[in-house]
Amino acid sequence: MIKLPINYNREKIADGIHYTTIINKRLKTNYFIVHLVTELSEKTASLNAIVPAVLSATNAKLPTITDFSKKLSSLYGASLRGYAAKASDNQDLVISAACINDRYCFDGEKITEELAGILADCLTDPHLEGEAFFESDFALKKQELLDDIDAEINEKRSYAFKRANLSIFKGEPAAISAKGDREQAEKITADSAYRQYKKLLETARIEIFFVGAEECVESKKILTDALLKISRNYGGDSSSKLSPLKSKVCRVTEPHDVAQSKMFMAFKTDYEDYPAMRLMLAIYGATPISKLFMNVREKLSLCYYCSSMYNDKKGVVYVDSGIEHSNVKKAEAEIINQLDAMQKGDFTEEDFDNARKAIINVWKGVTDGARTIADWYFNQIGKNEIYSPEEMIERLMKVTREDVIAASNSLKLDTVYVLTGKEAV
Amino acid sequence: MEKKIVKNDRTGEQYTYVKHPTGLDIYIWKMEDYSTTYALFGTKYGSINTKFKTKDEADFITVPNGIAHYLEHKLFENEDCDVFSLYAKTGASANAYTSFDKTCYLFSCTDNVYDSLEILLSFVQNPYFTEETVRKEQGIIGQEIRMYDDDAGWRVFFNMLQGMYHNHPVKIDIAGTVESIAQINADLLYKCYYTFYNLNNMVLSIAGNVDEDRVLEICDKFLKNNDNPELETAFEDEPETVCKKEVVQNLEISMPMFNIGFKAKPEKGLDALRAEVETNFVLSLLADESSDFYKKLYDEGLINSSFSSEVFKGDGYFCSIFGGESRDPRLVRDRIIEEIDRCKREGFDRERFDCVKKAYYGALIRNFNDAEAIATNVINAGMERLSFFDVIETVAAVAFEDMAKRLDKQFDTKNVTISIIEPLGGKEEQN
């Protein structure tokens, strides 16, 4: 068994609140990440999304963005960020903070503890005006959220992804954007956001991660003490459900001012063996030696990028490509063609070995980064069993050629979404 | 072979530098217990190097834009197979990139480091292309160029460079244009390859849990002796003033995006590094999130959290850029100019300077976590014939008293370009 040099420990602090410590002696920085995981719904998505944005900008002790940012600068450029993300059918409200290890400070300052204190204040002691978030700061954050929602069209590839998800997950929470929509965002007030924040503290699943070179007992105490003061009313959270396959392939083409068409094809699967599916995708479309890269890009020169991604919680495999408007049909046919080849077992032992090596390379590297190792464990919470990177590699080593063929045969085309030039429609 | 260990007392870090007999500069940074090794093999050849001469030529020659990037794509093909399929056997993740002034080939891996290093050294030194394989690549690179045409962040930056520079090739897209790449053929690629891919013009940087002697053994075996072509590069004369004060383009976006650039005189070597570091300090003092100026613009709703600033510099160019989104980018520009003038009159705050310095130092320390960041920082410094520790020591040496001088030197408020991407429906104009 490979032994990777990390130490992982997750403990329960209160109902639905866990504190995870990951020690990796090599790290020169300390990293905290707090997840508030809650239900993703159209009604509350924007209201929830604004909470981490407000909480990470100021707190009661550092009440202006200037004070706040000056303080972080003085802690050797410590960072503290808040944002809303999507975790399949759930919404993940995140606040993360990082600083250099105290041993690098000029005058022996204890900056990690200080940063933990700021983070605890952000979570539990925000800057208020009566029973609401401080109005003028809130108003700016609201405007920013509205701007962000509007700005989703700026990045064409991610915009196409967002639009594609609306069709892929029609009727499921995963169709909803992590920031919600403009209409709901416009209704938020400093008062309603504050009430939602209180509710989140009571009901969300809270996961705190600390990743550093050595345990920081004081920081842990500061954060857990702050969280223990919250009265909890945790009812458990709903885990994501596999997305059902549509009875007929859903085809959506939307015109947009783009020079290049962006296509997302979505396949649904209920295949349960995660390492086998990852291995299948490494051969099919997730590496530069994959069938999609070698054929759709290199052989046919149809695109600059064409690759696959996997959301195991929803059971969806995406194939993502950017293509000349006139080549969309050709590219789609070739993507299907290559999947067909996988399903027939048209790959060599060498393809299989190489794909496995590529995955091992990525999984072993996970332990080198604070963020990557925290994400590795966070993404497995809620599953029946939690695997370390080395345990997952052991499972991968047991995957057979037949498993890979079975994984590929589980893919069923569900949706083809194309964002294309106005002239092409 | 010249070999030395370079240490830095301030951080306790060290690496080995080797001047290989073939002319190659080699940097090896050992990271005990890390899983990942990251290696970069690069040439000082980027999109701006379109005019050059060697000892074999009497005069400078000029070639079409986009060749450095085109070569990067083509080197990934051997006579009998694709380079990715060689790496596939080692499990390494491989890639390459071309920037304005360099082209780098890289891999990261957790196993089979030495096999991957052999692949890296050998494919970069063995070009193979025919007219047919060169022609085929035009489709893929054409799609890459089209992809960036849709990228508003990329467009706003290049439009600013086009506004700022009259002649310097930094204003042209790294991949060239659909027209310029149509002129590229196998002969031109070979010509540029043999000019710039000379080990005297290249650097190897490797960071990770590696054995130095084995790395050097592989270098001895795989590096080819080559004659120093005495390469010289040149640029058309660039006036000190900006070319256009304003460039506007329309794209389907939600809110106007802007880049505001202050053009300044470029420097070289350690002076350029000092200019970069000090200008970054000045930018933080002027307008980072802890500045009163940032708060004012933010509270007025004139900027949002996308607002940021950076130094952009290289061979023959230097500018400071403010970028972000705003409903009124021209007003942001005017306010920045007012603030610069105010700071020139009234000076900066010493306490904030101390904080900026700590923050800058902290950001450098964070790099030491990561093989990729180390190898990349080392090759970037190496290409300028500097050490990564020079960066740290330059930061440590910056003094409050230098700030006023630097502000004067780098921020001529008459030499400003603004680039704006307007949402569709607005007016496109160029002044």
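Below, read A as the first sequence line, B as the second, and so on, with proteins coming before strands; counting in each chain starts at 1.
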Using heavy-atom distances under 4.5 Å, tell me whether [X] contacts chain A through its side chain, its backbone, both, or neither.
{"X": "T90(B)", "result": "backbone"}
{"X": "S284(B)", "result": "neither"}
{"X": "E77(B)", "result": "side chain"}
{"X": "D354(B)", "result": "neither"}
{"X": "R155(B)", "result": "neither"}
{"X": "A371(B)", "result": "neither"}
{"X": "Y294(B)", "result": "side chain"}
{"X": "M257(B)", "result": "side chain"}

Check ion pair E350(A)-K89(B) (N to O, under 4.0 angstrom): yes

SB check K299(A) D82(B) (cutoff 4.0 Å): no

Would you say [X] and [Y] make side-chain contact, with heavy atoms under 4.5 Å?
{"X": "Y76(A)", "Y": "R366(B)", "answer": "no"}
{"X": "D147(A)", "Y": "S254(B)", "answer": "no"}
{"X": "Y361(B)", "Y": "F106(A)", "answer": "yes"}
{"X": "K156(A)", "Y": "E252(B)", "answer": "yes"}
{"X": "T66(A)", "Y": "D292(B)", "answer": "yes"}
{"X": "Y304(A)", "Y": "R146(B)", "answer": "no"}
{"X": "I140(B)", "Y": "R297(A)", "answer": "yes"}

Under 3.5 Å, side chain of [X] to main-chain N/O of [Y], donor-acceptor pair present?
{"X": "N304(B)", "Y": "E144(A)", "result": "no"}
{"X": "D368(A)", "Y": "S35(B)", "result": "yes"}
{"X": "Q143(A)", "Y": "G301(B)", "result": "no"}
{"X": "N369(B)", "Y": "K28(A)", "result": "yes"}

Tell me, for [X] versus chain B, whether the close heavy atoms (under 4.5 Å) come from the side chain, the backbone, both or neither.
{"X": "I111(A)", "answer": "neither"}
{"X": "K262(A)", "answer": "side chain"}
{"X": "A98(A)", "answer": "both"}
{"X": "S79(A)", "answer": "both"}
{"X": "L72(A)", "answer": "neither"}

If you compare all heavy atoms of [X] against all heavy atoms of [Y], which two are closest, and at what distance to 0.1 Å?
{"X": "D150(B)", "Y": "D257(A)", "result": "OD1-O, 4.4 Å"}
{"X": "I289(A)", "Y": "A88(B)", "result": "CD1-CB, 3.3 Å"}
{"X": "Y298(B)", "Y": "L140(A)", "result": "O-CD2, 3.1 Å"}
{"X": "E325(B)", "Y": "A151(A)", "result": "OE2-CB, 4.5 Å"}

Spacing of [X] atom [atom1] and [Y] atom [atom2] [to the nearest 0.5 Å]:
{"X": "K70(A)", "Y": "R352(B)", "atom1": "NZ", "atom2": "CZ", "result": "6.5 Å"}
{"X": "S116(B)", "Y": "N361(A)", "atom1": "OG", "atom2": "CG", "result": "8.0 Å"}
{"X": "C105(A)", "Y": "I365(B)", "atom1": "SG", "atom2": "CD1", "result": "9.5 Å"}

Parallel, tilted or perpendicular, as decided by the 30° and 60° cut-offs, for the rings of F293(A) and F84(B): perpendicular

Between M31(B), R327(B), R10(B), the one whose heavy-atom pairs under 4.5 Å with chain A are most numerous: R327(B)

